[in-house]
Amino acid sequence: MNHCQNSRYKVTFRLAAASLSVVCIMNNEPHSFFHSGAMYDCMIKVAINGYGTIGKRVADAVAAQKDMKVIGVSKTRPNAEAFVAKQRGYPLYIADISKKAAFEKAGLKVAGSIEDMCKAADIIVDGTPGNVGATNKPLYEKLGKKALWQGGEEHEVAGFSFNSSCNYKDAIGRQFVRVVSCNTTGLCRIINEMDKEFGVTHVHAIMVRRGSDPGEIKKGPIDAIVLDPVTVPSHHGPDVLSVLPHISITTMAMIVPTTMMHMHAIQMTTKKPVSKERVIELINKHPRLGLIKKSAAIKSTAELKEFAMDLGRQRSDLWENCIFEESIYANSNELCFFQAIHQEADVVVENVDAIRAMMGGEKDAAKSIAATNAALHFITIQNNH
Ligand code: NAD
């Protein structure tokens, strides 16, 4: 986990009385790092462009990592989230520098423009709304910076769609990566795991999607079940193929009046016969697959979020797929189950791994996933009940 080992860095070692300190000369500027144990900690400088639902979570997850630091976050207007950034100590950069006075009048110090922030970063996490992110690509290209986008952008914006459990190695050293959406992340994790063990011949998945995030007051529906879209397949199936191109999958989706989580009803057919016991074993071994055991007596997203809150998870985030043990039905070559996906959370840990892969310091997906999870004190939910 040492991106200082890149040959373009000149590294000198200084033996101190109690510890070994390391000075890297990067782009002719000295950067100090500390050595703890066997690891040279060479902090990756991360900028978060778009400090909203996903951006603020990624910022906190990055800040928790030993090998990364947040060098800035961006906002378009002063609001509550900007005050949270200030409280966390994240330098605040703004999209429209002519609004600097308005930020400062509100008591929010402005560190500079988004371009200033990007210049100071090794890598930019673009957390701006869907389709806005793509408009930032020319800036990242002009500055020669690495950048990663979210699932609201098309695959083509980066030319590579990422999921840590499926294709971490292929992201190593890339300049541009797109982390797939919350639903696609949840689908990829479980499909890939079942495919490796049983060989998946076809997946049929129905997504019951939350209408809006809890903080979004302008979205609905308030009283309807909206087919999203009416036509089959929904975009989720093709999106899974951007990560797992060999999988045969059909998806359907609808939106319902809830804010907490999505629910997936999944049916797979497999080459080899499936057993419920083995499926549970595989879920338990996976660092990002959660199992809601019968003993928890949870039958809804509401009870699940309540559990996450009571467990003291930050923002009551569920970073793992939440697969309902009792729903797992295995019969010969057929596997069915329900899984709940916390839309605001599951992609956050994937962003952290994507940063590590792109910076090239950690070549092993399992080690990155373990480091990300450990820094967040994230152990999958079945280990809490
Ligand atoms: P959001 O609206 O909550 O946050 C976006 C932030 O970007 C806001 O703070 C906004 O002020 C800021 N912003 C807008 N235009 C900007 C600009 N030009 N420059 C800088 N900042 C700007 O959006 P979100 O829900 O966090 O979604 C971000 C991305 O993540 C989208 O691609 C979305 O599809 C994806 N995503 C969202 C979720 C979810 O459930 N919210 C889940 C997975 C992926």
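We count ligands from 1, going down the list as the structure has it; atoms in each ligand are counted the same way. Given the structure is predicted, the values throughout are model-derived calculations rather than measurements.
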Review point. Is ligand 1 under 4.0 Å from a heavy atom in the side chain of Asn49, in the backbone, in both, or in neither?
Key: side chain
**Study point:** side chain to side chain donor-acceptor pair (under 3.5 Å) between Gln65 and Arg356, intermediate numbers included
**Key:** CA-CA 10 Å; Gln65 307 301 312; Arg356 233 179 241 121; 2.9 Å; yes
Review point. Going by the order shown, which atoms of ligand 1 are within less than 4.0 Å of some heavy atom of Thr76?
Key: 11 (O), 13 (N), 14 (C), 15 (N), 16 (C), 21 (N), 22 (C)
Study note, to complete from the structure: Within the 4.0 Å heavy-atom cut-off, what Tyr51 brings close to ligand 1 is backbone
Exercise for review: Measure the distances from the heavy atoms of Ile114 to every atom of ligand 1 and state whether one is below 4.0 angstrom.
Suggested key: yes
Exercise for review: Determine the interplanar angle of the Phe307 and His385 rings, folded into 0 to 90°, and report it as parallel if under 30°, tilted if 30 to 60°, perpendicular if over 60°.
Suggested key: perpendicular
Exercise for review: Could you check atom 18 (N) of ligand 1 against the protein and tell me its nearest heavy-atom contact, residue, atom and distance included?
Suggested key: Val132 CG1, 3.7 Å
**Study point:** Side chain proximity check, Lys69 to Asp67, heavy atoms < 4.5 angstrom
**Key:** no
Exercise for review: For the pair His264 and His262, name the ring-plane relationship: parallel under 30°, tilted 30 to 60°, perpendicular over 60°.
Suggested key: parallel
**Study point:** Under 3.5 Å: donor-acceptor pair, side chain of Asn136, backbone of Leu139
**Key:** no
Review point. Taking NZ, NE, NH1 and NH2 as the nitrogens, is one of them in Lys272 or Glu197 under 4.0 Å from a carboxylate oxygen of the other?
Key: no
**Study point:** Distance filter under 4.0 Å to Gly127 heavy atoms, resulting ligand 1 atoms
**Key:** 4 (O), 5 (C), 6 (C), 7 (O), 28 (C)
Exercise for review: Write out the residue and atom name of the closest protein heavy atom to atom 3 (O) of ligand 1, then the distance separating them to 0.1 Å.
Suggested key: Thr53 OG1, 2.8 Å
Exercise for review: Using a 4.0 Å heavy-atom threshold (strictly under), name the region of Ser74 that reaches ligand 1: side chain, backbone, both or neither.
Suggested key: side chain
Practice item. If the plane angle is over 60° it's perpendicular, under 30° parallel, otherwise tilted; pick one for Tyr90 and Tyr51. Key: perpendicular
Check your understanding: What protein heavy atom sits nearest atom 27 (O) of ligand 1, and how far away is it?
Key -> Ile54 CG1, 4.2 Å
Practice item. With heavy atoms under 4.0 Å as the rule, classify the contact between Asp213 and ligand 1 as side chain, backbone, both or neither. Key: side chain
Exercise for review: Do me a favour and list the nearest non-hydrogen protein atom to atom 7 (O) of ligand 1 with residue, atom name and distance?
Suggested key: Gly50 CA, 3.4 Å
Review point. Under the salt bridge (Lys or Arg N to Asp or Glu O under 4.0 Å) test, which residues partner Asp213, sequence neighbours left out?
Key: Arg210
Point to revise | Any His236 side-chain heavy atom under 4.5 Å of Leu187 side chain | key: yes
Review point. Side chains of Ser164 and Arg288: closer than 4.5 Å at any heavy-atom pair?
Key: yes
Review point. Should one rank Glu344, Arg210, His342 by closest heavy-atom distance to atom 40 (O) of ligand 1, which comes out on top?
Key: Arg210
Review point. At a 4.0 Å threshold, what atoms of ligand 1 neighbour a non-hydrogen atom of Lys75?
Key: 9 (O)
Practice item. Going by heavy-atom distance to atom 2 (O) of ligand 1, choose the closest among Pro129, Gly133, Gly152, Ser212. Key: Pro129
Point to revise | ligand 1 atoms in contact with Gly130 (distance to a heavy atom under 4.0 Å) | key: 31 (C), 32 (O)
Review point. In the protein, which heavy atom is nearest to atom 8 (C) of ligand 1, and how far is it?
Key: Gly52 CA, 4.1 Å
Check your understanding: Are any of the side-chain heavy atoms of Leu148 and Arg178 separated by less than 4.5 Å?
Key -> no
Study note, to complete from the structure: Nearest non-hydrogen protein atom to atom 42 (C) of ligand 1, with distance, is Gln343 O, 3.0 Å
Check your understanding: For ligand 1, which part of Arg57 has a heavy atom less than 4.0 Å away: the side chain, the backbone, both, or neither?
Key -> neither
**Study point:** Sub-4.5 Å side-chain heavy-atom contact between Lys137 and Val157
**Key:** yes
Review point. Considering only protein heavy atoms, which is closest to atom 21 (N) of ligand 1, and at what distance to one decimal place?
Key: Thr128 CG2, 3.5 Å
Check your understanding: Which of the atoms in ligand 1, numbered in the order shown and given with their element, are less than 4.0 Å from a heavy-atom of Gln150?
Key -> 29 (C), 30 (O), 32 (O), 35 (C)
Check your understanding: Is there a heavy atom of Glu216 sitting under 4.0 angstrom from any atom of ligand 1?
Key -> no
**Study point:** Cationic N near anionic O, under 4.0 Å, Lys99 to Glu104
**Key:** no
